[in-house]
K.L.:
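Quick one: the structure is below, and I'll ask about it shortly.
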Amino acid sequence: MIPDNLNLTEERPTFVTHLECSATGERYEADTLHNLSRVGKPLLVRYDLDGVRKTLTKAKLAARPTDLWRYRELLPVRACKDIVSLGEITTPLIPLIDSVAGGEVLVKDEGRLPTGSFKARGVVMAVSMAKALGVTEAAMPTNGNAGAALAAYCSRAGIKTTVFCPEDTPEVNVREIAAQGAAVYRVNGLIDDCGKLVGQGKETRGWFDVSTLKEPYRIEGKKTMGLELAEQLGWDVPDIIFYPTGGGTGLIGMWKAFDELEKIGFIGSKRPRMVAVQASGCAPMVRAFEEGETHARRWENAATIASGIRVPAAVGDFLILNAVRESGGYAVAVDDDAIEAGLAEVARKDGLLLCPEGAATFAAYKQGLADGRVKASDRVVLFNCATGLKYPLPPSDQRLDITKPIDFAAL
Ligand SMILES: *Cc1c(COP(=O)(O)O)cnc(C)c1O
């Protein structure tokens, strides 16, 4: 099905020229199915950006519906009929009310996307392309949200889906994956163990592997966070972006988006400092950043309440570290206690229920203010990647007995 707001009669020129290995630069043909490159690294989609520059204007863009498909010239899907949409709206930037004088703290609230997380951005692109290229069965390892998005979009596209998640994945995630039509299995291991099962199923069953960065299009979907952010800020970028980093798709995608926007003449050379936020119980990027490494060693015994960033090893580690370093940013870990305290503070003060991963960015921002890595005058963007309603909340159990007089003065 195609949403009403997509104009089918409008010409949809697409500008994809080829794919490119992110490590070696080797060229790969567009419009055929790909996973990793020959050397086992992620593939990046390349566009005729001169062509886009000649076609697309800011005014043209401003007149389009406010959803992710407004950036069609910079997206890989070539035909409208292949788009498998559930309504990927532009998400709001919500200022925190105690933003420090002179500065500004904006929360990009991604919890409002289909299936309640920003995984919808990447997965809608991957599934639309999989459909276009004839995939009938797909599989994925997940900590919860990616699997939910995959189940939803694949069911809608008529693609059969199998999902593997760690044993302690939040109950609500496992159930929503099942409810949305995928076969879902809890596995007694972590997400990279689940990834190995997908790899084996790819060999034995011919499943298409939709794992983070192991197919080229989830990055393109996540890239729209950077496109959207720049447009929402009047074709400018913030001073700092705090991004809760698991596989790093969003961080890598936004970095690519800013580069493409500069090449089509929409923004200048200014870049935000990119801060990769991890949990102290699983911080492979932080360790590699601090040790000056190009790649990150696997983090053993990974543990954190922020399940979306419990990723012990990431295939795009070098791309994350490169973007962080090139931007003049850093990688930082926050404790689960700080995550819980941040979640409670923003909910109580701002009326904004963050997910634990979003709360981790708030905790990292506060830590940055305290240690001087963030200036009070900075324009800061925090990513809240999922709705807080998907996670267990602190208990509340005050009751009233209406058969007895109520003491209103005590309420
Ligand atoms: C997947 C996920 C992340 C990590 O995103 P990446 O772009 O893969 O690093 C963070 N938070 C939540 C809630 C997630 O679902």
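Along the sequence shown, residues are numbered consecutively beginning with 1. All ligand and atom numbering here is 1-based and tracks the order in the structure. Note: hydrogens, waters and symmetry copies are ignored here, and every other heavy atom, side chains too, is used.
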K.L.:
Non-hydrogen atoms of Phe383 versus ligand 1: any pair closer than 4.0 Å?
P.N.:
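No; Phe383 lies far enough from ligand 1 that no heavy-atom distance drops under 4.0 Å.
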K.L.:
Of all the atoms in ligand 1, which lie at a distance below 4.0 Å from a heavy atom belonging to Gly250?
P.N.:
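Listed by number with element, the hits are 7 (O).
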K.L.:
Any salt bridge linking Arg70 with Glu228? Criterion: basic side-chain nitrogen under 4.0 Å from a carboxylate oxygen.
P.N.:
no
K.L.:
Numbering the atoms of ligand 1 from 1, which are under 4.0 Å from a heavy atom of Tyr391?
P.N.:
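Near Tyr391, the atoms of ligand 1 are 13 (C).
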K.L.:
So, Arg273 and Asp239, do they make that salt bridge, N to O below 4.0 Å?
P.N.:
no
K.L.:
Going by the atom numbers of ligand 1, which of them fall below 4.0 Å from some non-hydrogen atom of Lys222?
P.N.:
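Going through ligand 1 atom by atom, the ones under 4.0 Å from Lys222 are 5 (O), 6 (P), 7 (O).
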K.L.:
List ligand 1 atoms under 4.0 Å from Thr245, heavy atoms only on the residue side.
P.N.:
9 (O)
K.L.:
Tell me which pairs pass ring-ring contact (aromatic ring centres under 6.0 Å, His included) where either residue lies in residues 285-330, with sequence neighbours left out.
P.N.:
His295-Phe318
K.L.:
If you count the atoms of ligand 1 from 1 in the order shown, which ones are under 4.0 Å from a heavy atom of Thr249?
P.N.:
6 (P), 7 (O), 8 (O), 9 (O)
K.L.:
Between Glu291 and Arg297, does any NZ, NE, NH1 or NH2 come within less than 4.0 Å of an OD or OE carboxylate oxygen?
P.N.:
yes
K.L.:
I'd like to check which ligand 1 atoms, numbered from 1 as shown, lie under 4.0 Å from a non-hydrogen atom of Ile309.
P.N.:
10 (C)
K.L.:
Taking only Lys NZ, Arg NE, NH1 and NH2, and the carboxylate oxygens of Asp or Glu, determine whether Arg78 and Asp31 approach each other closer than 4.0 Å.
P.N.:
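The answer is yes: the pair qualifies as a salt bridge.
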K.L.:
Hey, are Lys119 and Glu110 close enough for a salt bridge, meaning a charged N less than 4.0 Å from a carboxylate O?
P.N.:
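So Lys119 does not pair with Glu110 through a salt bridge.
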K.L.:
Are Arg112 and Asp109 close enough for a salt bridge, meaning some N to O gap below 4.0 Å?
P.N.:
yes
K.L.:
Could a heavy atom of Pro244 be found less than 4.0 Å from some atom of ligand 1?
P.N.:
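It does, in that a heavy atom of Pro244 comes within the 4.0 Å cut-off of ligand 1.
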K.L.:
Pick, from Glu357, Lys119, Met225, the option with the minimum heavy-atom distance to atom 2 (C) of ligand 1.
P.N.:
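Looking at heavy atoms only, Lys119 sits closest to atom 2 (C) of ligand 1.
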K.L.:
Give me the nearest non-hydrogen protein atom to atom 7 (O) of ligand 1 as residue plus atom name, then the distance to 0.1 Å.
P.N.:
Tyr243 OH, 2.5 Å
K.L.:
Are Lys263 and Asp259 close enough for a salt bridge, meaning some N to O gap below 4.0 Å?
P.N.:
yes
K.L.:
What are the atoms of ligand 1, with element, lying closer than 4.0 Å to any heavy atom of Ala386?
P.N.:
13 (C)
K.L.:
Below the 3.5 angstrom mark, is there an N/O of Cys385, backbone or side chain, next to an N/O of ligand 1?
P.N.:
no
K.L.:
Does Ala146 have a heavy atom less than 4.0 Å from any atom of ligand 1?
P.N.:
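Contact absent.
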K.L.:
Between Glu326 and Arg271, is the closest basic N to carboxylate O distance under 4.0 Å?
P.N.:
no
K.L.:
Give the atoms of ligand 1, by number and element, whose distance to some non-hydrogen atom of Gly248 is under 4.0 Å.
P.N.:
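Atoms satisfying the 4.0 Å criterion: 6 (P), 7 (O), 8 (O), 9 (O).
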K.L.:
For ligand 1, which is the ligand I care about here, please tell me if Phe118 has any N or O atom under 3.5 Å from one of the ligand's N or O atoms.
P.N.:
no
K.L.:
Give the minimum heavy-atom separation between Ala276 and Val324, together with the two atoms involved.
P.N.:
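Reported closest heavy-atom pair: CB-CG2, 4.0 Å.
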